[in-house]
Amino acid sequence: MYINITDSETGNNKASCGQLVQYLEKENRTPSEDGREQELWFSTARRDVIHQEVRVKIDNNIAKLGKNDAKFFLVNISPSQKEIAFLRGKFGDQGAEDKLKEFAIRAMDAYAQNFRRTGIEGSKDLLWYGKLEHFRYYSHKDPEVKQELAKVGQRKEGEQMHIQVIVSRKDITNKIKLSPMNNSRGKNEQHSAKVGQFDRLAFKGSGESLFDSMFSFERELKDTMNYALIMKNGNAEEKKQIYNLQAAQNKEPECDIFYGSELFDISFLPDSLAYEQPDDMAPNQKKRKKKRSKPQSD
């Protein structure tokens, strides 16, 4: 389960959300191959929201926000192909879509609770709208396009069902500012009490545990976000510890696998990761080149 928060898929969240709303209506502008009805927007208690209402409600919920302040954020909720196949197998095609919307509501509950603000207890306290999409399309950023294996705008293969959520910067009362880009994480109590705190990494990770508990999904260790983070940022000792957990899970004897000069294993120790990076993932540390000592002249 991949959950990400961005300013806007259209690149601007400091003005009207109209451009983004129109972008997310793209599937409704294309005739469905299987006769599927147009997909309406949804929120905590509704499934019948039209896109004009989304734009008007979000654009008018901006009290005391300045010209250069963010007005809304985009939450991308993307289950893996394995997770989508699991939902379809368990609930059927229509049931899978309905269950994914239920999951999105629970995910937005977690989003609200992550701020740790009085009066912000769940998705009902937010102004937000979700849109289920069935497909994804190649962009110029995709390696397949760069390698000329696919064209920009071409539909991607496989299960691509996902949900995009537009959530207002202000709560549903238009009084409280809420920004998931705040990195305080409670370190400054006075600041956190005023603007809230938001641990984006914890919010992303909550998606997996929420999906697993809601649908009784048995997730393999290698399919977790933890696995991916440690493979990218973990040191040798961290990788070794989780490799041994994986070995125990598979009932294999513990051992060390060496890849070159480093241990090639997996692990996840949250305290060892850098939480303050803008994208919630610490960059790979570049190996410093050793300076060659100049030969001494005789």
Side-chain angles (χ1 to χ4, degrees), residues 3-79 93-112 115 120 122-137 139 153 155 160-181:
I3 298 180
N4 189 38
I5 304 172
T6 61
D7 293 340
S8 167
E9 196 155 318
T10 56
N12 179 20
N13 70 336
K14 295 179 173 59
S16 170
C17 68
Q19 185 180 1
L20 176 59
V21 171
Q22 284 298 318
Y23 173 77
L24 296 178
E25 280 286 300
K26 56 186 179 295
E27 289 188 11
N28 285 342
R29 293 191 293 270
T30 304
S32 174
E33 297 175 354
D34 55 3
R36 184 188 301 116
E37 295 183 359
Q38 289 198 343
E39 191 68 46
L40 296 176
W41 295 69
F42 67 96
S43 193
T44 304
R46 293 181 59 190
R47 298 289 187 278
D48 60 350
V49 183
I50 59 176
H51 69 277
Q52 293 92 338
E53 180 179 342
V54 175
R55 179 187 61 78
V56 171
K57 290 290 183 67
I58 297 290
D59 283 354
N60 287 324
N61 202 59
I62 58 173
K64 297 184 179 181
L65 291 178
K67 179 179 179 181
N68 296 318
D69 289 333
K71 309 300 190 299
F72 58 89
F73 299 97
L74 180 68
V75 181
N76 185 321
I77 301 174
S78 298
D93 290 343
Q94 184 59 51
E97 295 181 7
D98 294 338
K99 291 299 181 181
L100 190 56
K101 290 177 182 179
E102 291 179 17
F103 173 83
I105 294 172
R106 294 283 299 277
M108 293 309 293
D109 284 334
Y111 177 95
F115 286 104
I120 307 299
S123 61
K124 62 180 177 58
D125 301 311
L126 307 171
L127 180 63
W128 69 277
Y129 298 96
K131 180 70 160 56
L132 185 142
E133 295 190 308
H134 300 89
F135 310 109
R136 287 190 181 279
Y137 303 87
S139 72
R155 187 182 295 175
Q160 299 293 342
M161 184 170 63
H162 62 285
I163 288 176
Q164 304 273 25
V165 172
I166 302 178
V167 55
S168 175
R169 168 75 180 274
K170 303 293 292 291
D171 76 319
I172 200 166
T173 68
N174 205 6
K175 295 179 180 179
I176 302 175
K177 292 182 180 179
L178 300 168
S179 174
M181 300 306 173

With the side chain counted from C-beta on, respond yes when [X] and [Y] share a heavy-atom pair under 4.5 Å apart, and no when they do not.
{"X": "Asp125", "Y": "Asp171", "answer": "no"}
{"X": "Leu100", "Y": "Ile163", "answer": "yes"}
{"X": "Gln22", "Y": "Arg29", "answer": "yes"}
{"X": "Asp59", "Y": "Cys17", "answer": "yes"}
{"X": "Met108", "Y": "Thr44", "answer": "no"}
{"X": "Arg169", "Y": "Phe72", "answer": "no"}

Quick one: closest heavy-atom pair of [X] and [Y], and the distance?
{"X": "Leu65", "Y": "Lys71", "answer": "CD1-CD, 3.8 Å"}
{"X": "Leu126", "Y": "Ile120", "answer": "CD2-CG2, 4.2 Å"}
{"X": "Ser16", "Y": "Gly18", "answer": "OG-N, 2.9 Å"}
{"X": "Asn13", "Y": "Ala70", "answer": "ND2-CB, 3.3 Å"}
{"X": "Ser78", "Y": "His162", "answer": "OG-CB, 3.7 Å"}

(request) Would you mind telling me which of Asn61, Ile58, Leu178 makes a side chain to side chain contact (heavy atoms under 4.5 Å, CB included) with Lys170? (result)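 Exactly one pass, corresponding to Asn61.
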(message) Checking side chain to side chain contact (heavy atoms under 4.5 Å, CB included) between Glu133 and each of Gln160, Glu39, Lys26, which is the one that passes?
(response)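 That would be Lys26.
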(message) If the condition is ring pair (Phe, Tyr, Trp, His ring centres under 6.0 Å), which residues does Trp41 pass it with, not counting sequence neighbours?
(response)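 Partners of Trp41 by the ring pair (Phe, Tyr, Trp, His ring centres under 6.0 Å) criterion come out as none, since no residue qualifies.
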(message) I'd like to check the ring pair (Phe, Tyr, Trp, His ring centres under 6.0 Å) partners of Tyr111; sequence neighbours left out, ordered by chain and number.
(response)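 With neighbours one apart ignored, the set is Phe115, Phe198, Phe203.
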(message) Could you go through Val21 and Ile166, starting from their C-alpha distance and side-chain angles, then the distance that decides it, and tell me whether this counts as side-chain contact (heavy atoms from CB on, under 4.5 Å)?
(response) CA-CA 8 Å; Val21 171; Ile166 302 178; 3.8 Å; yes
(message) Between Glu27 and Lys131, does any side-chain N to carboxylate O distance fall below 4.0 Å?
(response)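 Looking at Lys131 together with Glu27, the answer is no, because their closest N to O distance does not fall below 4.0 Å.
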(request) Could you tell me whether Glu25 and Arg55 make a salt bridge, using a distance below 4.0 angstrom between a side-chain N and a carboxylate O? (result)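 No salt bridge links Glu25 with Arg55.
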Working to the nearest 0.5 Å, report the span between [atom1] of [X] and [atom2] of [Y].
{"X": "Asp48", "Y": "Glu53", "atom1": "CG", "atom2": "CD", "answer": "8.0 Å"}
{"X": "Thr30", "Y": "Phe135", "atom1": "OG1", "atom2": "CZ", "answer": "9.0 Å"}
{"X": "Arg46", "Y": "Tyr129", "atom1": "CZ", "atom2": "OH", "answer": "6.5 Å"}
{"X": "Phe42", "Y": "Lys101", "atom1": "CZ", "atom2": "NZ", "answer": "6.5 Å"}
{"X": "Leu24", "Y": "Leu132", "atom1": "CG", "atom2": "CG", "answer": "11.5 Å"}

Between [X] and [Y], is there a donor-acceptor pair closer than 3.5 Å when you use the side chain of the first and the backbone of the second?
{"X": "Arg47", "Y": "Asp98", "value": "no"}
{"X": "Trp128", "Y": "Ser123", "value": "yes"}
{"X": "Asn76", "Y": "Asn4", "value": "no"}
{"X": "Lys14", "Y": "Asp69", "value": "no"}

(message) Would you say CD of Gln52 has more than 12 non-hydrogen atoms from neighbouring residues, nucleotides or ligands within 6.0 angstrom?
(response)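 Atom CD in Gln52 is packed in, count exceeds 12.
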(request) List the steps, then state whether side-chain contact (heavy atoms from CB on, under 4.5 Å) holds for Leu74 with Gln164. (result) CA-CA 7 Å; Leu74 180 68; Gln164 304 273 25; 3.9 Å; yes
